[in-house]
There are 2 protein chains.
Amino acid sequence: MGITDMIASFILDSLDEADGVLELQRSDLAQRFNCVPSQINYVMSTRFSPERGYIVESRRGGGGYIRISRVQVDRETLLMHVINAIGSALDETSARAIAQNLVNSGALDSNTARLLTAATSHRALIKVSPALRDTVRADIFKQVLLYAV
Amino acid sequence: MGITDMIASFILDSLDEADGVLELQRSDLAQRFNCVPSQINYVMSTRFSPERGYIVESRRGGGGYIRISRVQVDRETLLMHVINAIGSALDETSARAIAQNLVNSGALDSNTARLLTAATSHRALIKVSPALRDTVRADIFKQVLLYAV
DNA sequence: ATCGTAAAGGTCAGAAAAAGTCAAAGATAC
DNA sequence: GTATCTTTGACTTTTTCTGACCTTTACGAT
């Protein structure tokens, strides 16, 4: 088993103990596993991505941290399907449609849907280059579903 | 938790007790937290800026003081003010702070704030080129606020 | 009134403490 | 063999903390 998987399983264990929310320091963790700090970033992006049902927040500077939270199982079941279905790009029309569907199926209240639609609207993303726009829209959409629903 | 956050939360508590207006002495506070006085200025400018909804006044010389007051305005005025104040770029830290402050002042419910924070998070915008990121964040933020009004 | 001094608070730049990025080198799997 | 996944480290950015030096104000002494 490589370092990445050891670190990942350590974090998984800690998450269990800590009831789903864990705050740690990148350099500590790196030291514990005897690897460079940037390895931790790799673990985060490959093992604790939103697609896998985790929220990762961090802060730099003195007293900085990395916080990992697991989304609730119930919610996970509810939303993972949608999040996975979205994939890596999402056009505006589909975004509206998905939001509307989530409202229809009771998974989203209509206010949230409205804001989600606003956040991923053409107007909000007008400055993003057209080539990237759908990708960014997908990221925002997924991030909001994970966090805010 | 670093000194800055301890001082900030001490002030927040005192503000609550004191009904929104608080007068204190820089050197006292510094002594209480065992730090240099200029640390207090740092706390003021990073945690109690007007952007975050506070007014800080002060006076030098004998009997000098620092007065911190929390501003209260009605929801729509506040939202519009914020929308206008945001300008064309917004970094992630400020976005979070503004959202939190809008919650504190009752202009946003915490669900909306979470959504807003998620939609404008670093992770949601990671694919946007760094040069554009703060601009796009500002656009999304304003767009969502407009629909939240 | 004026001046001097002590008692505040303000500024700014640099050091220190984190975390992030990215590309290249090394492994592994097929 | 080659494509994908890991590992590493040099460099960057953000945030906090500190101290040396500056400005403003109050209060007495003259």
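These values consider heavy atoms only, across backbone and side chains, with no hydrogens, waters or symmetry-generated copies. We name chains A, B, ... by the order of the sequence lines, and we start the count at 1 in each one.
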Other residues, nucleotides, ligands: >12 heavy atoms within 6.0 Å of B/N84 CG
yes
Are side-chain heavy atoms of B/T93 and B/T46 found at a separation under 4.5 Å?
no
DNA chain D-proximal residues of residues 121-135 of chain B, any heavy atom under 4.0 Å
none
Round to a whole Å and report the spacing from CZ of A/R60 to P of C/dA18.
14 Å
May I ask you to verify if any side-chain N or O of B/S27 is less than 4.0 angstrom from the OP1 or OP2 atom of C/dA7?
no
Under the side-chain hydrogen bond (donor to acceptor under 3.5 Å, both in side chains) rule, collect the residues that match up with B/Q25, sequence neighbours excluded.
none
Toward the 5' end of DNA chain D, by each residue's nearest nucleotide, A/R59 or B/G61:
A/R59
According to a strict under-4.0 Å criterion, is B/S58 in side-chain N/O contact with OP1 or OP2 of C/dA8?
no
Excluding sequence neighbours, so at least two apart, what forms ring-ring contact (aromatic ring centres under 6.0 Å, His included) with B/Y42?
none
Starting at atom CZ of B/R67, determine the distance to atom P of C/dG9, rounded to an integer number of angstrom.
13 Å
Taking everything shown except B/R75 itself, do over 12 heavy atoms lie less than 6.0 Å from its CZ?
yes
Set of side chain to side chain contact (heavy atoms under 4.5 Å, CB included) partners for A/S129, sequence neighbours left out
A/A131, A/L132
No-hydrogen, no-angle side-chain donor-acceptor test under 3.5 Å, A/Q39 and A/T4:
yes
At under 4.0 Å between heavy atoms, what does B/G62 touch on the DNA or RNA strands: base, sugar-phosphate, or nothing?
base
Rounding to a whole Å, what distance do you find between A/F48:CZ and C/dG20:C1'?
18 Å
Taking the nucleotide of DNA chain C with the closest heavy atom to each, which residue, B/R26 or A/Y65, is nearer the 5' end?
B/R26
Of all residues at least two apart in sequence or in a different chain, which pass the side-chain hydrogen bond (donor to acceptor under 3.5 Å, both in side chains) check with B/D28?
none
Mind running a 4.0 Å heavy-atom check of residues 33-46 of chain A against DNA chain D and sending the residues that fall below it, in number order?
A/C35, A/V36, A/S38, A/Q39, A/Y42
Under 4.0 Å from a heavy atom of chain A: give me the 5'-most and 3'-most nucleotides of DNA chain D that qualify.
D/dC5 to D/dT16
Are side-chain heavy atoms of A/L12 and A/D16 found at a separation under 4.5 Å?
no
Show me, pair by pair, the donor-acceptor contacts under 3.5 angstrom made by side chains of residues 55-67 of chain B, not counting sequence neighbours?
unit_1	atom_1	unit_2	atom_2	d
B/E57	OE1	B/R67	NE	3.3
B/R67	NH1	B/E23	OE1	3.1

Results of side chain to side chain contact (heavy atoms under 4.5 Å, CB included) for A/N101 - residues two or more places apart only:
A/N104
Contacts of A/R26 meeting side-chain hydrogen bond (donor to acceptor under 3.5 Å, both in side chains) (sequence neighbours excluded), chain-then-number -> A/N41
Hey, what bend do you get for the helix from C/dA1-D/dT30 to C/dC30-D/dG1 if you fit axes on five pairs at each end, rounded to 10°?
10°
Please output the side-chain donor-acceptor pairs of residues 139-149 of chain B that fall under 3.5 Å, not counting sequence neighbours, one pair per line with the distance.
unit_1	atom_1	unit_2	atom_2	d
B/D139	OD2	A/K127	NZ	3.0
B/K142	NZ	B/G87	O	2.7

